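Data first, discussion second: the structure below is written as structure tokens.
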Amino acid sequence: MKTQPPMPILTGPPQSRNPWPMRLVLAGIVLLALVTIYLSNQYLTARFTESTRNRAELRQTLYSGNIITELQRNSIVPLLLGRDQTFITALNTGDHTATSARLIEYRDDIGAASFLLLDKDGRAVGATERNLIGTLHPNAAYTVEALRANDTVFTVERQENGVILFAYSRKITFDNRTIGIIVVMVDLHKFERGWQGISDAVLITDSEGQVILATEPRWRNRTVDEALQTESVPSAIQRALRATSDWSFPPPDAYIEGQAVMRSDARIPFQGWRITTFTAFSSVRDQVNGALALVIMGFAMLLAGTFWILTRRAQVQSTAALAESAELRQLNRRLRQEIAEREKAEKSLQVAEQSLEQSSKLAALGEMSASVSHELNQPLAAMKTYLAGAKLLLQRARPDEALSSFKRIDDLINRMGSITRQLKSYARKGDEAFETYDIRESVSAALSMMEPQLKQREVTITRSLPTDPVMVRADRLRLEQVFVNLFRNAIEATAHVDDPRLDLILSDGETATLMVRDNGHGIDHLDSLFEPFYTTKAPGDGIGLGLAISSGIVNDLGGRLTARNGTTGGAVFEVRLPIDGAEAVAAE
């Protein structure tokens, strides 16, 4: 639009024009606008109020119909369940093992809230909720009314916690005598939960005028008037604002939390129930104000303001587009930088992986060498002891006993050969060396290996072993190696104890568990106990690989090696191995 025509008017001298016609025109426009707004407000208010009331009544009819449908759907269920031969037989025989399962099947098929089967004394013998089985209900309304009537009865029971129970009940008869009562709980509170998402306030009253269902839980067990008075008294300012906002509307039917609402009442064709809904006028106010805003905008002809808004919106969009473009450019720079960093990190990772692989190879070689030294140390020490004993026996002309020592030395040589063969085949993680045997044999063999050390010191050893075999599937040689290491550590831990003691307790259950308990000084650092090269011994007495190797062996056998400090002192080691399944079944 061109702006030249108004310019002379704005810049011309005031006395050259008579301002009154313009003022009269403006006053006429303002007066016409006020009259039009007033009449439009009256018309639109009446129209939208009636439309809102009609929709509220329609929703009210829908709510009422849903409740009636739910009640009718559940009313026939007690009659059907009362004829079920499963329940009749159970009530006559007293065998209710299948009663609850049968009720749960009915509940899933019918979709009711819950079922309850009572005997003639009111004790729950079957229920869809297991925690109700065995409870007593002789004074419950559904029990009393069902025993009085010959048909299905509906009861409403108010509990002390404010919860209201709705139930259909019917007595079950057999040979003209009452043997039980079937109770069907009706979940009408699900409608309350469904009403939480609507804008209306809904409440349902019984024949006595008490609220039994409502969108506001605090309204239950009150009359409608009492429910409406539960709000706090509004202040003078709130009353003034409320009066101002309602000046153009019909007198409200009620106020809920300070908000004007229209009220609709209807009868529910069931035991004198009534449904009441309260719909806020806010929707009417919004619709009327929206229409009046259009009328005002039409009279005002705010074209300049509209053009300004459009221009302003275009400027905002342009600014937003520029900002978004700048953000995209910055994001692209970050992405390129991140890609470069990732490529650099991948190259560094490849180098690190190569270095780690080489380090792993070197560590494996070192661990293998240390393992060979550690595992061969025990048989060599034992052989040295047996040779010394055999020499002494030969000097005393006791060749038979010396021959026995030579036999033990031969066994140790065979064991050293087995160890070297096992270390050679370490890379082949197979189960060719596994066998099923009695773990008690490994305990005895390990103690026999420790015999030379036990003769050097006086150590009390107590063994608690089951009388029956404890069968496991494991590598006998490697398991004995673990036991020898644990026994030796336990004996060494009691070196400074006046009365050294070693307890060996073997138990079987889901696992075969050997407990090795000593009365030594205990373990100071449990977290580092199974780490390689960790030792508390003096330099030259050990390299700290025994427990690490033992833990690895037990893990390879499918078990677990744990350690802890005993409650009365000392250390406790436990070796847990799975019981051989096939042998356990055969033993049974």
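None of these values were measured; they are calculated from a predicted model.
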Exercise. Should R107 and D109 be marked as a salt bridge (Lys or Arg N to Asp or Glu O under 4.0 Å) after you check the CA-CA gap, both sets of side-chain angles, and the distance that decides it?
Worked result: CA-CA 5 Å; R107 181 194 63 185; D109 294 338; over 6 Å; no
For this session: Take Y437 and S442 through the side-chain hydrogen bond (donor to acceptor under 3.5 Å, both in side chains) test and state the conclusion after the steps.
Result: CA-CA 9 Å; Y437 70 100; S442 291; 2.8 Å; yes
For this session: Could you walk me through whether K190 and E70 pass salt bridge (Lys or Arg N to Asp or Glu O under 4.0 Å), step by step?
Result: CA-CA 11 Å; K190 65 181 179 181; E70 182 70 13; 3.2 Å; yes
Exercise. For R334 and E338, what are the C-alpha separation, side-chain angles and deciding distance, and is it a salt bridge (Lys or Arg N to Asp or Glu O under 4.0 Å)?
Worked result: CA-CA 6 Å; R334 291 179 180 176; E338 184 177 354; over 6 Å; no
For this session: Quick one: do K171 and N150 satisfy side chain to side chain contact (heavy atoms under 4.5 Å, CB included)? Show the steps, please.
Result: CA-CA 7 Å; K171 63 183 179 182; N150 295 324; 3.1 Å; yes
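Looking at L557 and F434, their side chains come closer than 4.5 Å, going by heavy atoms from C-beta outward.
Residue-environment remark: CZ (R463) stays at or below the threshold of 12 foreign heavy atoms within 6.0 Å. Summarising the local packing, CD1 of I76 is surrounded by 12 or fewer heavy atoms from other residues, nucleotides or ligands at distances under 6.0 Å. The neighbour count for E341 CD, taken as heavy atoms of other residues, nucleotides or ligands under 6.0 Å away, is above 12. Around CZ of R220, the count of heavy atoms belonging to other residues, nucleotides or ligands within 6.0 Å exceeds 12.
Ion pairing between a basic and an acidic side chain is recognised when a charged N comes within 4.0 Å of a carboxylate O; R440 and D468 show no such pairing. The residues R102 and D84 are annotated as salt-bridged, a charged nitrogen and a carboxylate oxygen being separated by less than 4.0 angstrom. With respect to the salt-bridge test (charged N to carboxylate O, under 4.0 angstrom), the residues R274 and D206 do not qualify. Between E574 and R517, none of the side-chain N atoms (NZ, or NE/NH1/NH2) sits under 4.0 Å from a carboxylate O, so this pair counts as no salt bridge.
Atom CG of L514 sits about 12.0 Å away from atom CG of D508, to the nearest 0.5 Å. Distance CD1/I268 to OG/S64: 4.0 Å, rounded to 0.5 Å. The CZ atom of R83 lies 15.5 Å from the OG1 atom of T86; values are rounded to the nearest 0.5 Å.
In this structure, H189 contributes its side chain and L213 its backbone to no donor-acceptor pair below 3.5 Å.
Below 30°, between 30° and 60°, or above 60°: for Y106 and F87 the angle between ring planes is between 30° and 60°, a tilted geometry. Ring pair F154/F270 is perpendicular by interplanar angle, where above 60° counts as perpendicular and below 30° as parallel.
D95 and T93 share no side-chain donor-acceptor pair at under 3.5 Å. A donor and an acceptor atom, one from each side chain of Q271 and S207, are nowhere located under 3.5 Å apart. Side-chain atoms of D225 and T223 form no donor-acceptor pair, as typed in the model, at a separation below 3.5 Å.
Looking at Q210, E226, R158 one by one, the single match for side-chain hydrogen bond (donor to acceptor under 3.5 Å, both in side chains) with N221 turns out to be R158.
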